[in-house]
Amino acid sequence: APVQPVPFSHAKHVQEIGLDCRYCHSNVEKSGHSNVPSSQTCMNCHSIIKANSPLLAPVRESYANNTPVPWVWIHQTPDYAYFNHSVHVNRGISCVECHGNVNKMDTVTHMQPLSMSFCLDCHRNPAQRIRDPKDVFNLDSQTLAAQGKLADAQKFVHDWKVKPPTSCSGCHR
């Protein structure tokens, strides 16, 4: 867990206040990358709430100077691997599957290895990790399989043509 320029608690913002992941990570359903929020996103609330907090000085400076907050990336795909966030979340794979229960973390840390083996385990058996698409951003939801609905998950995989690549060229392009 790298030290961030601003201490940010997902537990506070998501679990306690109830912000949806997409408020800050607004492109996760549309883009290959899950964007980090701009200082404008932060200032939407923090121009009023804790507006003078010394901890938020880097956000205010970023906003005033129209420069990005120098967030340290925690989950970064290596250059030699291809990963598309939108494909995963739009096909029923929740953030929790790769990032853990971020909604309960004060400091985001790696909870999964995000190794080739980890990805292939899911790609070979996606029904085990599928959620109802309406539950993808409910980080407290369970997979259909965990709910005892493996047949529903398998039907979803079939009907939605979920066919994750298992060949090398699927992720190494």
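Every value quoted in this text rests on a predicted model; they were computed, and no experiment measured them.
Sparse packing is recorded around CG of N66, with 12 or fewer heavy atoms of other residues, nucleotides or ligands lying under 6.0 Å away. Other residues, nucleotides and ligands contribute at most 12 non-hydrogen atoms within 6.0 Å of the CE atom of M111.
Taking the six-membered ring where the residue is Trp, H13 and H46 present perpendicular rings, their angle passing 60° and hence far from 30°. The aromatic rings of H10 and H25 sit parallel, their planes meeting at an angle under 30°, below the 60° perpendicular limit.
M43 is not connected to Y23 by any chain of hydrophobic side-chain contacts under 4.5 Å among Ile, Leu, Val, Met, Phe, Trp and Tyr, and they are in different clusters. Transitive grouping of hydrophobic side chains (ILVMFWY, heavy atoms separated by less than 4.5 Å) brings V157 and I93 into a common cluster. At a threshold of 4.5 Å between side-chain heavy atoms, the hydrophobic network of Ile, Leu, Val, Met, Phe, Trp and Tyr places F8 and M105 in two separate groups.
By the side chain to side chain donor-acceptor pair (under 3.5 Å) test, Q4 pairs with no residue at all, sequence neighbours left out. Annotation: side chain to side chain donor-acceptor pair (under 3.5 Å) contacts of K163 (sequence neighbours excluded): none.
Taking OG1 of T166 as the reference point, atom CG of N125 lies at 12.0 Å (rounded to 0.5 Å). Note: I130 CD1 to C122 SG = 7.0 Å, rounded to the nearest 0.5 Å. Rounding to the nearest 0.5 angstrom, the gap separating the OG1 atom in T41 from the CG atom in L19 is 10.5 Å. Separation of atoms CG (N35) and SG (C24) is listed at 9.0 Å; rounding is to 0.5 Å. Rounding to the nearest 0.5 angstrom, the gap separating the NZ atom in K30 from the NE2 atom in H85 is 14.5 Å.
For the pair H172 (side chain) and Y80 (backbone), a donor-acceptor distance under 3.5 Å is present. One N or O on the side chain of S141 and one on the backbone of N138 form a donor-acceptor pair closer than 3.5 Å.
Annotation for Y82 and G170: closest pair CD2-O, 4.2 Å, computed over non-hydrogen atoms. Taking both residues in full, the closest heavy atoms of C95 and L139 are given as CB-CD2, 4.0 Å, listed atom of the first, atom of the second, then distance. Closest non-hydrogen pair, S39 versus V69, comes out as CB-CG2, 4.0 Å. Pairing each heavy atom of S31 with each of N84, the nearest pair is O-OD1, 3.7 Å. The shortest non-hydrogen separation linking W73 to S34 is CH2-O, 3.7 Å.
When side chains are defined from C-beta on, H33 does not count as touching N27, because their heavy atoms never get closer than 4.5 Å. Two residues are said to be in side-chain contact when any heavy atoms from C-beta on lie closer than 4.5 Å; F118 and C98 meet this criterion. The side-chain heavy atoms of F83 and C171, taken from C-beta on, include no pair separated by under 4.5 Å. Counting heavy atoms from C-beta outward, L56 and V6 have side chains that approach closer than 4.5 Å.
Apart from L120 itself, the hydrophobic cluster it occupies contains M116, where clustering links Ile, Leu, Val, Met, Phe, Trp and Tyr at side-chain heavy-atom distances under 4.5 Å. Summarising the hydrophobic clusters (Ile, Leu, Val, Met, Phe, Trp, Tyr; side-chain heavy atoms under 4.5 Å, direct or chained), the residues clustered with L55 are none.
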Kindly list each side-chain donor-acceptor pair under 3.5 angstrom involving residues 142-156, sequence neighbours excluded, with atom names and distances?
{"from": "T143", "atom 1": "OG1", "to": "A146", "atom 2": "N", "distance (Å)": "3.0"}
{"from": "Q147", "atom 1": "OE1", "to": "K149", "atom 2": "NZ", "distance (Å)": "3.4"}
{"from": "Q147", "atom 1": "NE2", "to": "Q142", "atom 2": "O", "distance (Å)": "3.0"}
{"from": "K155", "atom 1": "NZ", "to": "D159", "atom 2": "OD2", "distance (Å)": "2.4"}

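Note on residues 89-116: pairs passing side chain to side chain donor-acceptor pair (under 3.5 Å), not counting sequence neighbours, are S9-D106, Q15-N103, H75-H99, E97-R131, N103-D140, K104-D140.
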